[in-house]
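Reviewing the structure listed below.
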Amino acid sequence: MNFQSIGEFYQRLLVLLPFAANLLPEERARRFSYDDPKLWPYFYPQCGGSTQSPIALSALKAIPIGLAPLQFGLYEEPFDELLNMRNNGHTVEFSVPTTVFGERPYLTGGLLRDFYEAMAVHFHWGSALRKGSEHAINGRRYDLEMHIVHRNTKYASDEEARNQTDGFAVLAVLFKVVRHNYYYQPGLHEIFSSLLHLGDFNRTYTPPAFLTLGSLLGNLNRDNFYAYKGSLTTPPCSPVVSWHVFSEVLPISDLDLPKFWQLRDRRGRPLLNNFRPLQSSEARQVFLSQRPIADYVWT
Ligand SMILES: *[C@@H]1O[C@H](CO)[C@@H](O)[C@H](O)[C@H]1NC(C)=O
Ligand SMILES: *[C@@H]1O[C@H](CO)[C@@H](O)[C@H](O)[C@H]1NC(C)=O
Ligand SMILES: [Zn+2]
């Protein structure tokens, strides 16, 4: 963004300062806004770092490499309780419950050396006028992006994991709007249907179905993904995330996508365009892991 003048810049900064000054750090992190992500680094220095997310991904520029396949532990086991979805003013999210086996689903493989426990799921979207995925693939932004946030089981809390370069692993799934979605995705259907109950800030809703985490991946090909080291895409932007972004893009029906646009933020305004702009990927290795078809014979 180009500020017309230094004066305008300070004016904007001053509007935000009273907010920032009186709040505890956790509360401040909840109060960031997508109106001006370029201002985030003034309140959260890590947002101005050099290994930020999201980035533009490109099959031509990525390093083709056979990373270890991702392994999805307990992803197909039902949760032992219903989901509690919430409009937190920035997105719709839910905490991942434990499965009937007592543990949460977990992830390893890819860039990961440890086990990462699934903690929470949330979404980023645009508006009727703008596509709102966070990552772009081969020059295209898509309509919606789902993040499944996993925390390294070595760390006992999010606060501790945010201090560690191997703290988090996020799985990202991009969605493209289609006119008729013939392809029934049961888990996602429950989530998208729930949005109608989550319109206002802080509303919660419990879909009446026992889901699995794997059902949120539909029939996605889990073998092909981009992987790189980056950051949380919301303040405090800690550079502690191993990103795994699936190459395949899932469909979302043109009846479901607008349900996201009907949500409202804490000030009662439409909750739209909650995606962070692309960050520089200079000096970073981005891998594209693709599994040869022949492997399937042996697995
Ligand atoms: C995170 O790091 C900061 C700065 O080094 C330290 O003050 C804080 O106690 C750490 N927090 C946790 C939970 O490890
Ligand atoms: C959100 O709702 C919960 C439970 O209804 C309430 O305890 C909490 O204070 C609310 N939070 C905000 C920020 O309004
Ligand atoms: Zn996210």
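Fair warning: this is a prediction, and the values are worked out from it, not measured in the lab. Numbering of ligands and ligand atoms starts at 1, following listing order.
- Nearest N/O/S atom of His124 with respect to the Zn ion (ligand 3) is recorded as NE2.
- Under 4.0 Å is where a charged nitrogen must lie from a carboxylate oxygen, and between Glu159 and Arg151 no such pair does.
- His147 pairs with exactly one of Phe275, Phe123, Trp243 by the ring-ring contact (aromatic ring centres under 6.0 Å, His included) rule, that one being Trp243.
- For the residue pair Tyr34 / Asn274, no side-chain donor-acceptor distance below 3.5 Å is found, with atom types taken as modelled.
- Close N/O approach between Asn202 and ligand 2 is found [any backbone or side-chain N/O within under 3.5 Å].
- For Arg104 and Glu117, the salt-bridge test passes: some basic side-chain N is under 4.0 Å from an acidic carboxylate O.
- In this structure, NE2 of His122 and ND1 of His147 enclose an angle of 110° at the Zn ion (ligand 3), rounded to 10°.
- Donor-acceptor pairing under 3.5 Å is recorded for the side chains of Tyr155 and Asp166.
- Arg291 and Asn224 are not linked by any side-chain donor-acceptor pair at a separation below 3.5 angstrom, with hydrogens and angles left out of the test.
- Closest non-hydrogen pair, Thr233 versus His124, comes out as OG1-CE1, 3.8 Å.
- The 4.0 Å heavy-atom shell around ligand 1 contains residues Glu159, Glu160, Asn163, ordered by chain and number.
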